[in-house]
Structure formats: C-alpha cells, structure tokens
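The basis for the numbers below is simple: all heavy atoms, side chains too, and nothing from hydrogens, waters or symmetry mates. Count residues from 1 along the sequence. When a ligand or atom number is given, it counts from 1 through the structure's own listing order.
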Amino acid sequence: MKRRALLVQSGSLVLSLGLPELSWGATIVNVRIWPAPEYSRVTIESDAALSAKQLFVANPPRLAVDIEGIRLNPALKELVAKVKADDPNIAGIRVGQFTPTTVRLVIDLKQPIRPQVFTLAPVAAYQHRLVLDLYPEQEADPLEALIADQVREQKAAPPAGSSNSSNATATAPPGSADPLADLIAQKLMPGKPFPLSSATAASSANDAEDPRANSSGTERLIIIALDPGHGGEDPGAIGPAGTREKDVVLRLAHLLRDRINNSAVHGNTMRAYLTRDADFFVPLGVRVQKARRVQADLFVSLHADAFFTPDPQGASVFALSQGAASSSAARWMAARENKADQIGGLNVKTKDATVQRALLDMSTTAQINDSLQLGSTLLGEIRRVGKLHKGRVEQAGFAVLKAPDIPSVLVEAAFISNPSEEIKLNSETYQNQLADALMRGILAYFARNPPLARVRATS
Ligand SMILES: [Zn+2]
C-alpha cells in the first residue's frame, strides 16, 4: 500500500518520461449498463483485474462501490450518462476520485436491492470485468410476470361484463372475478391448494398417475416457454454485416408470442412465456428454472448461430442427448451455446450457478422422445419456408434443454454467418414466415400429443 502511494505521488513524473503506467493496477476500457426489471447490471471492463468494496445504504437506497488502484478516466465517466431514465432499478450514477488511489461509484436506486458484486476473468472479446448486478429485493416471480401480462392484455380488451379486478395475482382464488388468473391458478393446482409443493406432488401416488386430469372438462392454459438465446453482455453470434443474434432471436420470439397468444389447442387457451423479454443476460440454468416455474408445456429456445466459415446455411433443430452427440457438428454447436454463461457473465458464487449442475442428470428418456417429435414437426414446417441444414433433429448436450419434464428443443433459425441468411434473418417477411412455420409446428405437435395427458412433477 505504501509502495503504491509512493508511486502515485511520482505518477506525473513517470508519465512525463513516457514510461508505461506501472503505478496503476488497471485502466478502465469500457462501461456498460443492462437495465431489466429482473435486475440491472453495471459492467466495468478493464485491462487488469479490479478489486472493489461495496456498501449498500438503505435510506435512500444507494450502493457505494470503491474500486481500488484506478484513476477516474473518461471511459468510467461515461457511466453517468449511460443510465436510462426508464431503468427499473437505477436512478442515477455518480463517480469521483475518492482517494488518490480509489474511485468511488455511487449508484442511486429506485428501490431496495440485493447487490451482487463480482469479477470475471477475460473471455471471448472481453477483458477483465467487474460486474455489479442489482436485483430488486422483491424478487421477480416468472409466474407473477406471466399473470401480470395476462391482466395487462385483458385490460387492453376487457371482455363484456368483466369486473375491473386490477390486482389479480398468483394467489387469486379459483372463482375470483379474473378468468385468466383462474386459468393459471387452475393450471398450477388442479384441485389443490396453491402452491403445490414438490413434496406433495411426489408423495401422492394419485398425482403421479393423474396430475392434472381434466375430469371437470374445464379449460386449461397451455404455456409455451420461448427462450430467445443470449442477451446483455452475450451478443451471441454476429453476422458479417453486424447483425447480432441476440436481437434477431428476441424479435422472432415476439412474433411467435403474438401467434401463440392468439391460438388455442383442443379448446385450450395458449400463452407464451418469454424467459427474457429485454436485452439482458439470463443464465442457462435460470432459463430452465423459469420454464419449470410456469410449468411450461413446451420449451423452444431460439437461436441463429455462426459457423467459422461463411458457407453453412439452413435451419437446424436440436434436442438433448444424454450420451454422445448425434454428430460432431451438433457437439460443436452445443459447446458453443453452453459457453453463453461465461460470456454473459454468470456469478459462479450464487445458487443460480448450481441450478444447472443439479439438473444435469435428471432428464428423462420420455422428455427426449417428446422433444424429438416436437423437433421433427418443427423441421417439417420450417422446410416449407426456408432451407434446412439437416433434415432430421440433431442431439447434443445443450444445457438449456435440460428441463427433465418439459419437451425442449433448440431452433437454429439460420446461420447468421452466411451473408445471404443474415439478410433473410433481418427481413420482416422471412421473420413472419418463420414465426408462422414454428406456430404451425407447435400446433401440429399438440394435435398428435394432446397436452392434457402429460404427467409432470412440480418443483
Ligand atoms: Zn445462439
């Protein structure tokens, strides 16, 4: 410490001699902010590892972070202007040189948060990253988000005679004035009090045989989890003209969501649930966890990846493999997708990081068989609007397909690395055709596999 202070004092001399800035631990090279309702992230990228101490002050809510061994520079000052007015969590950021060797960042917050401050070693195009993840203290529940969506839609077009129940939540009792909330409640607790614990589900033999038998003949909500790949720090693949995979797949997810929300299968209303509906990083294990939380009937992960040469083209559909991959290309693709957590920036010290490992060996043969069926139905429809890379569903160990109880596929819509496919991916016409094809595939799957017969344990 003393040595550093000495060097600091002589810093101007060192600089004037044109010597490298050895006195400083790191230089900030870039800053980024990723706002989202689930959490807002501040990333500070530097050419050497940073060390930081944080202090959360509850009233008014703010987070002070002292970063040691750096000087305030223009790159770091950019943080102040990068805060968006509609950031759900961050009200503003102030930065200043707190001591000669410490920069203090004060993040003013819109609500109380649980901060996670951690560092990431260099990976892909990134140098060292110091990450400040700001999670609202009131944790977002995927199920409540889904219901809030319903309520919003319902308000936009209120059915005749509906009450203005503005506060429907997951705990809305059956028989309340909100039919959509009822549907969801019913989906989650066919004849059972909410919430149905995993212990209850596992201990009841009847549940195992007949978990959501629809003996009453009432409507059940069919939920399709759509999983736009990548996001936030992880752009996914980038096309030769600069198109980012994370943007293309979110757009495709929105188009497919519109179609799903206007569809029904065997008289059952369908609803889409997006594992990410903004440009932020969602760990692979959390994507699976979210789909299970809403008890999705299907999980469709959307991608548009690159190959290391520009030639490959056409769409592919993948299912999980519990053993070897079906081809070396499939294995390569899975390894590439599974890297998303490293690039996106997973905090390995949190429980999120363990979720994936816990799910690792739980997948069942039945899930994979259903996924293969879903995959080939989707391929059959995609074939009608575009080229296929492989005519059959490929299999490999994709981490995001590991929900043990939800048929799960990963759709590579096209190769973004192929210049003509990149153009197609950006074309509104092709996006709509693709969304139509996926919708037809989903409906065709349900036509052959009625959703009501599905057996599932909750968790
Ligand atoms: Zn991808």
Give me the one residue out of Asn30, Leu105, Val131 that meets side chain to side chain contact (heavy atoms under 4.5 Å, CB included) with Ile44. Leu105
side-chain contact (heavy atoms from CB on, under 4.5 Å) between His254 and Asp258, worked out: CA-CA 6 Å; His254 285 153; Asp258 292 345; 5.6 Å; no
Considering the Zn ion (ligand 1), could you give the total of protein N/O/S atoms lying closer than 2.8 Å? 6
Salt bridge Asp227-Arg276, side-chain N to carboxylate O under 4.0 Å: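 Looking at Asp227 and Arg276, the cut-off is not met.
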Between Asp234, Asp279, Asp133, which is the residue that forms a salt bridge (Lys or Arg N to Asp or Glu O under 4.0 Å) with Arg41?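 Looking at Asp234, Asp279, Asp133, the match for Arg41 under the salt bridge (Lys or Arg N to Asp or Glu O under 4.0 Å) is Asp133.
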Side-chain contact test, heavy atoms from C-beta onward, threshold under 4.5 Å: evaluate it for Asp108 versus Val106 and give yes or no. yes
Donor-acceptor side-chain pairing of Ser371 and Gln367 below 3.5 angstrom: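 Judged by distance alone, the side chains do pair up.
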